[in-house]
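First up is the structure itself, then whatever we jot down about it.
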Amino acid sequence: AQSVAQPEDQVNVAEGNPLTVKCTYSVSGNPYLFWYVQYPNRGLQFLLKYITGDNLVKGSYGFEAEFNKSQTSFHLKKPSALVSDSALYFCAVALSGGYNKLIFGAGTRLAVHP
Amino acid sequence: GAVVSQHPSRVICKSGTSVKIECRSLDFQATTMFWYRQFPKKSLMLMATSNEGSKATYEQGVEKDKFLINHASLTLSTLTVTSAHPEDSSFYICSAVLTGSHEQYFGPGTRLTVT
């Protein structure tokens, strides 16, 4: 079965420090991987995606993610966190045979402290 | 560009009534739209795939007679929760796929409360 795991319910980081939000996946075939961010009572905003090509993907608001095939991971990173980055982050994978259909991880709440 | 709207943003209805939620792609055409349900502090659960001009495809465990989906045009999909019960209270989010893109664009969500 295809799945996405976000092992951390919450990540706490001080403003200005680097942040990492972890994601691992299990799919058959080549994965299409996505990161989304959700602010309270709002829909999801697209951050970045990996389809093919360079393993390091750069996205919105200074975020980036690295696709690691051997570790089946797609961790989200940012060199210097901002308080405004505090939100709920979702990793998602598109199912093989239908790239539109997304399976979401459980979400990780990022709290950036001043 | 690629903006998706939902209406209403919040709705409160009485148990036993039906409520309709609209999802519109404002500046692009979307052959496919998706409906998700999100419980508090939980992830998104895909309910159904809505394809313009054809019947929706429902995920396992989702009652198609309770959650009616109509995708009548390339810019509008509607979700009708029929005979709503308090357990249907949730945050409903739609998304639309820009044709030729790998990305889903999400609406802002609709908070449904059934009393």
Side-chain angles (χ1 to χ4, degrees), chain A residues 1-10 21 23-25 27 29-53 57 59-60 67 74 87-111, chain B residues 1-11 21 23-26 30-52 56-60 71 77 90-113:
Chain A
Q2 298 175 110
S3 63
V4 177
Q6 292 180 244
E8 303 153 315
D9 288 339
Q10 180 153 332
V21 182
C23 171
T24 59
Y25 63 89
V27 298
N30 295 320
Y32 293 171
L33 295 157
F34 302 80
W35 275 102
Y36 291 88
V37 60
Q38 184 182 33
Y39 295 96
N41 294 311
R42 302 294 296 275
L44 274 64
Q45 295 179 32
F46 170 80
L47 280 179
L48 51 79
K49 66 183 178 187
Y50 172 83
I51 304 297
T52 186
V57 178
S60 306
F67 171 62
F74 190 56
L88 189 56
Y89 289 80
F90 290 101
C91 182
V93 62
L95 299 182
S96 60
Y99 64 79
N100 293 328
K101 198 171 180 181
L102 293 174
I103 298 295
F104 284 87
T108 298
R109 187 163 300 282
L110 172 66
Chain B
V3 178
V4 177
S5 70
Q6 280 184 242
H7 178 79
S9 57
R10 290 177 176 271
V11 57
I21 302 170
C23 177
R24 292 182 185 273
S25 55
L26 297 184
T31 308
T32 302
M33 292 183 175
F34 295 92
W35 286 97
Y36 296 86
R37 183 173 178 177
Q38 186 178 28
F39 293 97
K41 299 183 180 180
K42 296 289 186 182
S43 187
L44 279 72
M45 180 192 78
L46 178 63
M47 298 176 66
T49 303
S50 172
N51 294 300
E52 186 268 338
T57 304
Y58 290 82
E59 295 300 302
Q60 192 172 9
H71 195 154
S77 176
S90 194
F91 195 52
Y92 292 88
I93 302 175
C94 74
S95 70
V97 180
L98 175 63
T99 303
S101 164
H102 296 287
E103 295 172 23
Q104 291 186 30
Y105 295 91
F106 286 81
T110 296
R111 172 79 56 197
L112 170 63
T113 303

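For clarity, every value in this text was computed on a predicted model and none was experimentally measured. Quick note on labels: first sequence line is chain A, next is B, and so on, each numbered from 1.
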Measuring heavy-atom distances to chain B, does A:F90 have an atom under 4.5 Å in its side chain, in its backbone, in both, or in neither? side chain

What part of B:Q38 gets within 4.5 angstrom of chain A, counting heavy atoms only: side chain, backbone, both, or neither? side chain

Non-hydrogen atoms of chain B under 4.5 Å away: do they reach the side chain of A:Q38, the backbone, both or neither? side chain

Do A:Y36 and B:Q104 have side chains that get closer than 4.5 Å, going by heavy atoms? yes

Short side-chain to backbone donor-acceptor contact, B:H71 and B:A30, under 3.5 Å: yes

Which atoms of B:L44 come close to chain A, meaning under 4.5 Å heavy atom to heavy atom: side chain ones, backbone ones, both, or neither? both

With the side chain counted from C-beta on, respond yes when A:Y32 and A:L102 share a heavy-atom pair under 4.5 Å apart, and no when they do not. no

Pairwise side-chain contact, B:C23 with B:W35, heavy-atom cut-off 4.5 Å (strictly under): yes

